[in-house]
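Scroll down for the structure; my scribbles are underneath it.
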Amino acid sequence: NELCKLVERVSEIDYKSKTQSIISVCNRGTGIEQLNIPRGVTVDHNTGNIYVVDRSNNCVKVFDNTAKYVFQFGYKVGEGKMSYPVGIVICQNTVLVSQYSSHCILVYQ
């Protein structure tokens, strides 16, 4: 998997120089391709997509392995509501998101 190789390369660079990065996912803000206090990240090993928990935008944003925005899920109000999400894991095509303020885990399939 190319993304796993990328993560290994980033780790190697960080260990040696502590200054370089291979890719950067967006910048701070409330726009669709921006993050506002990202708190957790995981990689879907089936697709190579990068899932980022965006705490202050109350959602999970998904980027491909070149840092291009793909989609997002979870919102501040309504169905799929998230309230300060902080952690994420993907296990067998199920996405689990932990929330700080509601003390619960959301399950997406």
Side-chain angles (χ1 to χ4, degrees):
N1 183 320
E2 290 302 310
L3 189 58
C4 290
K5 291 177 187 174
L6 177 65
V7 169
E8 289 171 8
R9 179 77 179 126
V10 169
S11 296
E12 180 182 332
I13 290 170
D14 286 343
Y15 176 76
K16 291 180 180 174
S17 70
K18 306 218 184 287
T19 59
Q20 299 178 7
S21 69
I22 301 290
I23 62 172
S24 176
V25 176
C26 60
N27 54 21
R28 185 174 183 180
T30 58
I32 197 161
E33 295 185 14
Q34 296 178 309
L35 298 171
N36 194 4
I37 308 180
R39 288 292 181 188
V41 64
T42 192
V43 174
D44 182 337
H45 294 286
N46 294 322
T47 65
N49 288 340
I50 303 164
Y51 286 62
V52 182
V53 173
D54 189 345
R55 193 196 89 175
S56 289
N57 287 326
N58 296 292
C59 65
V60 172
K61 295 189 177 181
V62 182
F63 301 87
D64 69 14
N65 62 1
T66 65
K68 181 181 175 191
Y69 174 84
V70 178
F71 68 93
Q72 73 182 47
F73 59 93
Y75 306 92
K76 190 166 176 99
V77 295
E79 189 172 337
K81 176 183 176 181
M82 286 189 184
S83 182
Y84 297 112
V86 293
I88 188 167
V89 66
I90 298 174
C91 182
Q92 299 177 352
N93 298 322
T94 300
V95 179
L96 304 157
V97 180
S98 61
Q99 297 190 113
Y100 174 76
S101 64
S102 64
H103 309 285
C104 70
I105 308 255
L106 300 174
V107 179
Y108 297 90
Q109 293 183 320

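Side-chain contact between Pro85 and Asp54 is absent, with no heavy-atom pair separated by less than 4.5 Å. Residues Leu35 and Val52 have side chains in contact (heavy-atom distance under 4.5 Å, counting atoms from C-beta outward). The closest side-chain heavy-atom distance from Val95 to Phe73 is below 4.5 Å.
Rounding to the nearest 0.5 Å gives a distance of 9.5 Å between CG of Leu106 and CG of Leu96.
Here Val86 is tied into one hydrophobic group with Tyr84, Tyr100, each link being a pair of ILVMFWY side chains closer than 4.5 Å.
Residue Ser98 is tested with Ile105, Ile88, Val53 for a side chain to side chain contact (heavy atoms under 4.5 Å, CB included); the sole match is Ile105.
Every residue meeting the side chain to side chain donor-acceptor pair (under 3.5 Å) condition with Ser83, not counting sequence neighbours, appears here in chain and number order: Ser101. Considering only residues two or more places apart in sequence or on other chains, Ile32 meets the side-chain contact (heavy atoms from CB on, under 4.5 Å) condition with Tyr69, Gln72.
Among all heavy-atom pairs drawn from Asp64 and Val70, the shortest one is N-CG2, 3.5 Å.
Judged by distance alone, with hydrogens and angles left aside, the side-chain atoms of Asn57 form no donor-acceptor pair with the main-chain N or O of Cys59 at under 3.5 Å. Between the side chain of Lys61 and the backbone N or O of Glu33 there is no donor-acceptor pair closer than 3.5 Å.
Donor-acceptor pairing under 3.5 Å is recorded for the side chains of Asn36 and Arg28.
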